[in-house]
2 protein chains.
Amino acid sequence: MARIPLEERRRLLIAATLTVIERDGIAGATARRIVQQADMPLGALHYAFENVEDLLAAAADAVTDNERLAAERGLAEGGAAPDLTDLLVAGMERYVDLLKARPGHELAFLELMLHSSRARLDAPPAPGRYEASYEVVAALLAQAADAAGAAWTRPVRELARHTVSTLDGITTTWLADHDDAAALATARFHAHALTALTTPA
Amino acid sequence: MARIPLEERRRLLIAATLTVIERDGIAGATARRIVQQADMPLGALHYAFENVEDLLAAAADAVTDNERLAAERGLAEGGAAPDLTDLLVAGMERYVDLLKARPGHELAFLELMLHSSRARLDAPPAPGRYEASYEVVAALLAQAADAAGAAWTRPVRELARHTVSTLDGITTTWLADHDDAAALATARFHAHALTALTTPA
DNA sequence: CCGGGCATTGGACGTTTGTCCAAGTTGATC
DNA sequence: GATCAACTTGGACAAACGTCCAATGCCCGG
C-alpha cells in the first residue's frame, strides 16, 4: 500500500494515460488499462480524479503545457547556422525526424487535442490551449532571426501561430500518407515561406 | 421490412456513421447509435459489414473519396478574380468559413482519419488515402494559375500536398484556439507563400 | 404457383465499461 | 499511546458494448 501525495498520484496517472494512448489510442485509454499501466488499483483513479473524462482533460492540458513544449524547444538545439533559412529548415526537418521516430507520440497528442476540443465545440471562448506553444515558438523565431541578423516584418506571435499550424498539418498529412520525402518537402516549403517575411536588420 | 440492395445499405450505414461522428465524436460512434441513426435494426450492421471497425474504415475511405473532395472542389467556385493571389486567398478564406460553419464536420474527418491511421502505424506502405485529395487540389491550382495567366515553378502535385497539409493545420489549430481572425491570417499567409512560387507564363 | 435462397430482424450472449462504497491501513497530532 | 483525518483498495453494481443466431419474410426463376 504505497502512500503517495495526491498531487504526485495525479501526475503519475497522467503520465500513464499518455503512455496508454500512445500505445493503444484514445479509444484504448480505459480506466482499467490506465491504472494497470500506473501499477495502481482501480479505485485509485476515482480518488485522484472525479472521473475518467477529467483525467483525459488533465492529460490534454499536460501535453500542451509540458510535453509538447519540450519537443518544440528541442527544435532549436544544436546547429548554429548563420543563415536564417538554414536554421528554419533544420528545425522543420528535425520535427519530421521526430515524427517518423515516434509517430504514436504525435498521434496521441492530436487524438487528445481533438477529443478535448470536441467537448468545447459550442462552448466558451477557447482557453489558452495552444497559447503556451505559440509563445515558445515565438521565442524560437525571435532567437533565430537574432542569430541570423535579420528582423521579422510581422509580429512573431502571429508567425508563431502559422508555424504551429504548419507543424500540425505536416503531422496529419504524414500520418495519412507516410510519405517521408514529401513531408520534408512540405517542411522546407514552409520554412522558405517564413524567411520571406524578414528583412536584414 | 425494407428490402435494400446490399451496396445501398452499406452506403446508408456509412452516411449514418458520419452523421453520428459529427454529432457525438468517434467515441460515440457505437453500433447501436449508428443503426438508430440509419433507422435500421441492430442486426443489419453485421449483415452489411463484418464488424464495426470495418464500417469505420469504410467511412474513412468514403470521406477521402467523396465528402472531402466535394468540399475542396467548392473552394474554387464563384470568384473569377484575375489575380492569382486573390484567387488563392479567396479559396483559403472560404475554407475557414466552412470550418467555422460546421466545425463538427471537419472534426469528424480528422477523428476518422487519425483513427484509421493508427491501425496502420507500423503497417504496410500507405495506400492512396489522401491521393484523391492531392489530385483534386492539384487540378484547382493548375486551373487558378491558368485563369491568372501564371505558371507554377514547382510541380502542382507537390504544391497540392503542401496545400492539403496547410488546410489540415488550419483546422486543428482553429479547433484548439477558436481564433477566427488568426485562422484567416494563417490562411492568407499560406496563400501568399504559394503565389511566391509562380512566374508570369 | 411454388420452392429455394437471400435478406431481415429481435433477442440473447458473454465482456467490458465507468462508478461507487465500505472496510481497512497509515501517519501525524495531541 | 490514543485519535482522527487522509489515504488505499478489492469487490460489487448496472449499463452499454460487439457479436452472433435462429426464426421469419420476401422475391424471383422455374
Side-chain angles (χ1 to χ4, degrees), chain A residues 1-62 108 111-112 114-116 118-119, chain B residues 1-62 108 111-112 114-116 118-119:
Chain A
M1 195 193 273
R3 216 172 169 82
I4 304 174
L6 190 55
E7 195 176 353
E8 167 73 358
R9 190 175 286 274
R10 288 208 184 96
R11 260 195 356 92
L12 292 174
L13 280 169
I14 288 173
T17 301
L18 295 180
T19 302
V20 170
I21 294 181
E22 176 169 354
R23 181 176 7 98
D24 303 327
I26 198 164
T30 66
R32 282 171 179 79
R33 256 201 270 233
I34 291 171
V35 294
Q36 183 193 2
Q37 173 68 38
D39 199 31
M40 295 179 190
L42 180 55
L45 192 152
H46 284 88
Y47 183 76
F49 291 93
E50 190 69 28
N51 50 41
V52 173
E53 198 57 38
D54 276 13
L55 169 55
L56 288 180
D61 287 342
E111 283 182 295
L112 254 180
L114 292 188
H115 181 83
S116 85
R118 176 167 292 279
Chain B
M1 194 192 274
R3 217 175 169 80
I4 303 174
L6 190 55
E7 196 176 352
E8 167 74 359
R9 189 176 286 274
R10 288 209 184 96
R11 261 194 355 93
L12 292 174
L13 278 169
I14 288 173
T17 302
L18 295 180
T19 302
V20 170
I21 295 181
E22 176 170 352
R23 182 177 6 100
D24 304 325
I26 199 164
T30 67
R32 283 170 177 80
R33 257 203 270 234
I34 291 171
V35 295
Q36 182 193 3
Q37 173 69 37
D39 198 32
M40 293 180 191
L42 179 56
L45 192 153
H46 283 87
Y47 183 76
F49 291 92
E50 189 70 27
N51 50 42
V52 172
E53 198 57 39
D54 276 12
L55 170 54
L56 288 180
D61 287 342
E111 283 183 294
L112 255 178
L114 293 187
H115 181 83
S116 84
R118 176 169 291 279

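Here is how names work: the chains are called A, B, and so on, in the same order as the sequence lines, proteins then strands, and each is numbered from 1.
- Note: R118(B) CZ to I21(A) CD1 = 8.5 Å, rounded to the nearest 0.5 Å.
- Contact annotation: R33(A) does not reach the phosphate of dT16(C) (side-chain N/O to OP1 or OP2, under 4.0 Å).
- Set against dC17(D), dT17(C), dT8(D), the side chain of R32(A) has dT17(C) as its closest nucleotide.
- Going from atom CD1 of I34(A) over to atom C1' of dT17(C) covers 12 Å, rounded to whole Å.
- For P41(A), whose side chain is taken as the heavy atoms from C-beta onward, the closest listed nucleotide among dC17(D), dG10(D), dT17(C) is dG10(D).
- In E50(B), the CD atom is not crowded: 12 or fewer heavy atoms of neighbouring residues, nucleotides or ligands sit closer than 6.0 Å.
- Taking for each of T30(A) and E50(A) the nucleotide of DNA chain C with the nearest heavy atom, the 5'-most of the two is the partner of T30(A).
- Checked against dC7(D), dG11(C), dT19(C), the side chain of L42(B) finds its nearest nucleotide in dG11(C).
- Rounding to whole angstrom units, CG of residue L45(A) and P of dT19(C) are separated by 8 Å.
- You'll find that the side chain of R3(A) is closest to dT8(D), out of dT8(D), dC6(C), dT9(C).
- Put simply, CG on D24(B) is 10 Å from P on dC17(D), counting in whole angstrom units.
- Closest of all the heavy-atom pairs between L6(A) and A48(A) is CD1-CA, 3.9 Å.
- Salt bridge E7(B)/R10(B): absent, no basic N to carboxylate O contact under 4.0 Å.
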Between L42(B) and R32(B), does the side-chain contact (heavy atoms from CB on, under 4.5 Å) criterion hold? Intermediate values first, please. CA-CA 6 Å; L42(B) 179 56; R32(B) 283 170 177 80; 3.9 Å; yes
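- For Y47(A), counting side-chain heavy atoms from C-beta on, the closest listed nucleotide (dG18(C), dC27(D), dC7(D)) is dC7(D).
- Atom CD in Q36(A) sits roughly 14 Å away from atom P in dG10(D) (whole-Å rounding).
- Here dC7(D) presents its C1' atom at 13 Å from CE of M40(A), a figure rounded to the nearest Å.
- In this structure, the CG atom of L13(A) is 13 Å from the C1' atom of dT8(D), given to the nearest Å.
- For H46(A), counting side-chain heavy atoms from C-beta on, the closest listed nucleotide (dT19(C), dC26(D), dT9(C)) is dT19(C).
- Atoms CD1 (I4(A)) and P (dT25(C)) sit 19 Å apart, rounded to a whole Å.
- Residue contacts shown for A44(A) include a base, since a base heavy atom lies under 4.0 Å away.
- Projected onto DNA chain C by closest heavy-atom contact, N51(A) and L6(B) fall at different nucleotides, the more 5' of which corresponds to L6(B).
- The interatomic distance linking R10(B) (CZ) with dA7(C) (P) rounds to 10 Å, in whole Å.
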